[in-house]
*Asks:* 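Have a look at this one.
Chain letters run A, B, ... following the sequence lines, proteins first and then strands; every chain starts at 1.
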Amino acid sequence: MQTKHSAVGRDADFIDAAEKVTGRARYLDDLSFPGMLHGKILRSPYPHARIKGIDISRAASLAGVKAVITSADCPGIRFGLDNPDVYMLAVDKVRYAGDEVAAVAAVSEEAAEEALSLIDVEYEPLPAVYHPAEAMVPGAPLVHEDKPGNIAKIYEIVRGNVDEDFASCDCVFEEEFGTSLVQPCYLEPFGVIADWEPNGRLTIWTGIQSAFHARAEIAKALGIDPSSVTVKVPYIGGGFGGKIWIRNFHPIAAVLARKTGRPVKIVLSREEEFIASRARVAAGIKLKLGMMRDGTMVCKEAEIIADNGAYSWAAPKILLNMSMRTDCLYRFRSSRTVSRLVYTNHVPTSGFRGYGNAQMHFALESMVDICARKMGLDPVEVRLKNAVRSGDTTLHGWKLRSCGLSECIDKAAAAIKEGRLPGEEAGGRIRRGVGVACMTHVSGNRGGDNFDGSSAMVRFQEDGRLLVYSGESDMGQGARTVFAQIAAEALGIPLSDVIVMPVDTDVSPFGYGSYSSRVTTVGGKAVLLAARQVRDQLLKLAGKLMNESPDRLEIRDGVIFDRLDPGRRMTVAEACRAGIRTRQAAELTAYVTYDPPTEGTDSDYYGDYSSAYNYGAHGVEVEVDTETGQVRVLRVAAAHDVGFAINPKGVRGQISGGVAQGTGWALCENLVLKEGVLQNPSLSSYILMTIKDMPSIKPIIVETDDPVGPYGAKGVGEPTLIPVPPAIANAIEDAVGVRLRDLPFTPEKIFRAVNPQLKEAGK
Amino acid sequence: MKTGQVLNFTLNGEQVEVLVDPAETLVNVIRKKLLLTGTKRGCEEGECGACTVLLDGKPVNSCLVPAMKAHGKAVVTIEGISASGELHPIQQAFIEAGAVQCGFCTPGVVLSAKSLLDRVTLPSEEEIKTELSGHLCRCTGYVQFVDAVRLAARKLGRFHDRSGGDGGAGRSVV
Ligand code: FES
Ligand code: FES
């Protein structure tokens, strides 16, 4: 496999790594412009309160302050995705502790900060709702007056005849699971610089995953045309789904910039990243599974109640993924899911690596182990027996053009059984166990019959180096490198001769952005097609120059040669020089828009909507200290069907990063809210994995050569996190015989589960 | 009009003098006044390590250090270790080991790695983990950091053989 290709399928150093290790890569906060002001946002301390009055006079007269704004200064437009429910600055009332109330622009961060403390807001606290179940009760306080019952979204998705199927099953099991609120916690705080050009256009610099969506949403919030907005993306210090969508600070900075006539920068503090960013949607999940005695999984029923928080951004989409995707992991005959997304006075929620799918995987993949154990079956065998396969059309109409699920299960299970540590130590105080969990996800996502494609532009320069433009951002995952490898491979030029340009919506071709693990599969395919087109142009030109038919020419290592007479050759650089700025006037430029050959979904969400479907399985070994309840993940074997690994080094990096985030979610990360107020808004109290907590990780790359993706590739970004929490839960049960159904698995929970007698005594 | 104290220190081998506010932190002086933006701000509460610089050879979170604490001392930022324009072997090792994803944590981690390798020629896995335990990285899952520091140790060994160094003196490639 390795020999067939010169650039793809090989470990490549990230092409932008040198800029990053030297500190020369510029992130948003590293940019500044003449006259630039610093913006800060005043946030509500109350989870729910009426704003009776705001007095900005003291703040406005502070030296160095150039503007103070409230909702009165902003266009009265509610924006958002499925539920446009948010004003950039609160109108009349605040809905969570962290809600934006006013903003200032000043000559320094310090002056802006001081000005915030001089804004006087009179609040009248209102009764609030903190639990989705309470929020749905008739008569509960309403978060949004126009959302009766606090319902943000309801889905009911039924396939087949689930009642009949349950009646015919040998065994039916029911369980409940709960997932917690966690933050993406990318290391670079999110921010923006806004500046209005003299011609009336708005320029936005922001490290965002989806520049074109940002352009549309910022324009919507400001009530202007998207084409009046340019979004420029500097280096991004991590995103993980938390930087797909704009936040209120984007249009706020634009309003401050318009008011002052100067560029305005807003960068969130780490505290704001906790209290006012969008957390992973937390859900309570009731699951019912019908099985036959031989381990066949027949049908599944789920009821989900999810906490939307105070504003809906992508949460409805996330709930949809939660409601459906795991049904495509096994060959279920029928399923029914009823799910509700409920407004509360909590921090708003949105996407984070896994985008809803991870929550339901925790429930289902825990459930499979519970049921298999109860039936005396091997959970791994049960998974293998029911796993979907290549060629299947799943319950929701996905067409599996490639699927390596069984191979992933086999390999992860075998790898975790090898080299196991003793099951017990320290006289039984330390117990060890292993567990396996699988996953499925997408590589792209066509909502309805919308476009789900990407465009790419490639252009040779006269020295033979190639510029690649795409609308898809690199948030650190290595998209630039993958694009460069694809272009180098298609053109037969060295990787070092490919330059991948930063995203700029005025220059870059249209792309939806880095989410749904779609960048390699969809964005990469567009780059491949554009590179092939420019190759044809180059060979046509070279044919003229060499007086040879273009189909006898080939390109390798930057040299164009005659296949039948390899001595006849010219370099790509020579050809480019002869074609650019000469009378030959070869275009040597291609612009391709590619949309994968999927149908999308009908009004009932049925249909084949992703270019490819990703599968994987993790095996983990854990150790539990029964005296402290402390869990340590010792080893992880992570097998992922990536179709084809364009950059195996990048894939391994995605695996180790996803394992770290998944383990953190399972064991230590958790936003703790008390009456709507976040109790741990800092990295000292919100605990992330450190280098000392990491297990040893064995990445296993499974290749199934997807027929659609570029060189057979599929996505891998999100998949690597998804199976981690259920695999850990399964391993904990293997170690100590207790089942944990609520994330995170804190030492206290485990201690109480392992010592049930003490739980009683403690009461 | 500006009140402040005069801070005198060596920054990446050069003597600098700058007027600072007593409350100003070292990271802000480096970034905003001296315009070296390789030092990052990830939390400004001493928890992430992105703002790490070497103060007299020791890694510190420059968001917690009042700028005046650097008076009369030597500070090395990420810009100082590849001043010649060539990558330092540690930087090269981080790239090759795949230890760089988004890169936001990287300058700080590289400096801590340098401080460790300045003291210990061939650090153990435990020593590496202890040295880097104050750095948060949300992208990599850290496993490549260990590989990178080991690879760097090997590269530095060769580097010193070539330059005839004694393993200690030639180490500070500032
Ligand atoms: S910015 Fe200094 S430790 Fe995070
Ligand atoms: S590489 Fe992104 S935080 Fe470390």
*Asks:* Quick one: of B/G98, B/G38, B/A23, B/G103, who has the most non-hydrogen atom pairs under 4.5 Å with chain A?
*Replies:*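 With the most close heavy-atom pairs to chain A, the winner is B/G103.
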*Asks:* Looking just at side-chain N and O atoms, do B/N8 and B/E17 make a donor-acceptor pair shorter than 3.5 Å?
*Replies:*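 Note: B/N8 and B/E17 side chains meet the donor-acceptor criterion.
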*Asks:* On a heavy-atom basis, which atom in A/Q661 and which in A/F352 lie closest, and how many Å separate them?
*Replies:*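 Scanning both residues, the minimum pair turns out to be OE1-CE1, 3.7 Å.
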*Asks:* Looking at side-chain heavy atoms only, is the closest gap between A/T720 and A/V659 below 4.5 Å?
*Replies:*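 Not in contact.
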*Asks:* Using non-hydrogen atoms and a 4.5 Å limit, figure out which bit of A/S269 sits close to chain B: side chain, backbone, both or neither.
*Replies:*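 For A/S269, no heavy atom lies under 4.5 Å from chain B.
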*Asks:* Would you please say whether a donor-acceptor pair under 3.5 Å links the side chains of A/T690 and A/D693?
*Replies:*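 Judged by distance alone, the side chains do pair up.
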*Asks:* Cut-off 3.5 Å, side chains only: do A/R10 and A/N647 have a donor facing an acceptor?
*Replies:*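 No.
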*Asks:* Side chain, backbone, both or neither: which part of B/T77 has a non-hydrogen atom closer than 4.5 Å to chain A?
*Replies:*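 For B/T77, there is no contact with chain A at all, as no heavy atom is under 4.5 Å.
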*Asks:* Answer whether the closest heavy-atom distance between the side chains of A/Q679 and A/S685 falls below 4.5 Å.
*Replies:*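 Side-chain contact under 4.5 Å: no.
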*Asks:* Between the main-chain N or O of A/A111 and the side-chain N or O of A/S108, is there a donor-acceptor pair closer than 3.5 Å?
*Replies:*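 It does hold such a pair.
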*Asks:* Top residue by heavy-atom pair count (under 4.5 Å) with chain A, among B/E126, B/Q92, B/K32, B/H135?
*Replies:*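 Answer, by heavy-atom pair count under 4.5 Å with chain A: B/K32.
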*Asks:* Taking side chain as everything from C-beta outward and backbone as N, CA, C, O, which of these in A/A18 sits under 4.5 Å from a heavy atom of chain B? Side chain, backbone, both or neither.
*Replies:*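 Both parts, backbone and side chain.
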*Asks:* What part of B/T106 gets closer than 4.5 Å to chain A, counting heavy atoms only: side chain, backbone, both or neither?
*Replies:*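 For B/T106, the contact with chain A is made by the side chain alone.
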*Asks:* Look up atom CD in A/E472 and atom CD in A/Q477, then write down how far apart they are to the nearest 0.5 Å.
*Replies:*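 CD of A/Q477 is found 10.0 Å from CD of A/E472.
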*Asks:* Checking heavy atoms, do the side chain of B/E96, its backbone, both or neither come under 4.5 Å from chain A?
*Replies:*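 Its backbone and side chain both get close to chain A.
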*Asks:* Out of A/P184, A/S696, A/G664, which one racks up the most heavy-atom pairs below 4.5 Å with chain B?
*Replies:*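 Top count of heavy-atom pairs under 4.5 Å with chain B: A/P184.
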*Asks:* Select one option (side chain, backbone, both, neither) describing which atoms of A/E273 are under 4.5 Å from chain B's heavy atoms.
*Replies:*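 Nothing of A/E273, per the 4.5 Å heavy-atom cut-off to chain B.
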*Asks:* Can you tell which part of A/I697 gets under 4.5 Å to a heavy atom of chain B, answering side chain, backbone, both or neither?
*Replies:*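 When you check distances to chain B, only side chain atoms of A/I697 fall under 4.5 Å.
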*Asks:* Using the side chain to side chain donor-acceptor pair (under 3.5 Å) criterion, which residues pair with A/K265? Sequence neighbours excluded.
*Replies:*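 For A/K265, the residues satisfying side chain to side chain donor-acceptor pair (under 3.5 Å) (neighbours in sequence not counted) are A/D29.
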*Asks:* If you count heavy-atom pairs under 4.5 Å with chain A, which of B/R41, B/E79, B/E44 comes out on top?
*Replies:*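 Heavy-atom pairs under 4.5 Å are most numerous for B/R41.
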*Asks:* Under a 4.5 Å heavy-atom cut-off, does chain A meet the side chain of B/L132, its backbone, both or neither?
*Replies:*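 Both backbone and side chain.
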*Asks:* Could you please state which residues from residues 139-146 of chain B sit under 4.5 angstrom from chain A, measuring non-hydrogen atom to non-hydrogen atom, sorted by number, or 'none'?
*Replies:*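 Counting heavy atoms that sit under 4.5 Å from chain A, the residues of residues 139-146 of chain B involved are B/C139, B/T140, B/G141, B/Y142, B/V143, B/Q144, B/F145, B/V146.
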*Asks:* For B/K69, what residues pass the salt bridge (charged side-chain N to carboxylate O under 4.0 Å, His left out) criterion, not counting sequence neighbours?
*Replies:*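 B/K69 satisfies salt bridge (charged side-chain N to carboxylate O under 4.0 Å, His left out) with no other residue.
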*Asks:* Parallel, tilted or perpendicular: which describes the rings of A/Y235 and A/Y27, with under 30° parallel and over 60° perpendicular?
*Replies:*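 Ring orientation of A/Y235 relative to A/Y27: tilted.
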*Asks:* Hey, which of A/S684, A/S32, A/A12 has the most heavy atom pairs under 4.5 Å with chain B?
*Replies:*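 Greatest number of close heavy-atom pairs with chain B: A/S684.
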*Asks:* Using 30° and 60° as the class limits, which term best fits the ring planes of A/F274 and A/Y686: parallel, tilted or perpendicular?
*Replies:*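 The arrangement is tilted - the two ring planes meet at 30° to 60°.
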*Asks:* At a heavy-atom distance under 4.5 Å, which candidate from A/G237, A/A660, A/S656 has the highest pair count against chain B?
*Replies:*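 With the most close heavy-atom pairs to chain B, the winner is A/S656.
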*Asks:* Starting at CG of A/L187, measure out to NZ of B/K40 and round the result to the nearest 0.5 Å.
*Replies:*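 That separation rounds to 11.0 Å.
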*Asks:* If I measure from the heavy atoms of chain A, does B/R31 come under 4.5 Å with its side chain, its backbone, both, or neither?
*Replies:*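 Looking at B/R31, just its side chain touches chain A.
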*Asks:* Against chain B, work out which of A/G476, A/G658, A/G650 has the most heavy-atom pairs shorter than 4.5 Å and name it.
*Replies:*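 So the answer, after comparing A/G476, A/G658, A/G650, is A/G476.
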*Asks:* Can you run down the salt bridge (charged side-chain N to carboxylate O under 4.0 Å, His left out) pairs that involve residues 137-150 of chain B, sequence neighbours left out, and say none if there aren't any?
*Replies:*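 Counting only pairs at least two positions apart or across chains, the salt bridge (charged side-chain N to carboxylate O under 4.0 Å, His left out) contacts touching residues 137-150 of chain B are A/E669-B/R138, B/E125-B/R150.
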*Asks:* I'd like to verify something: which residue of A/G478, A/A25, A/C185, A/G238 has the highest number of heavy-atom pairs under 4.5 Å with chain B?
*Replies:*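 Highest number of pairs under 4.5 Å: A/C185.
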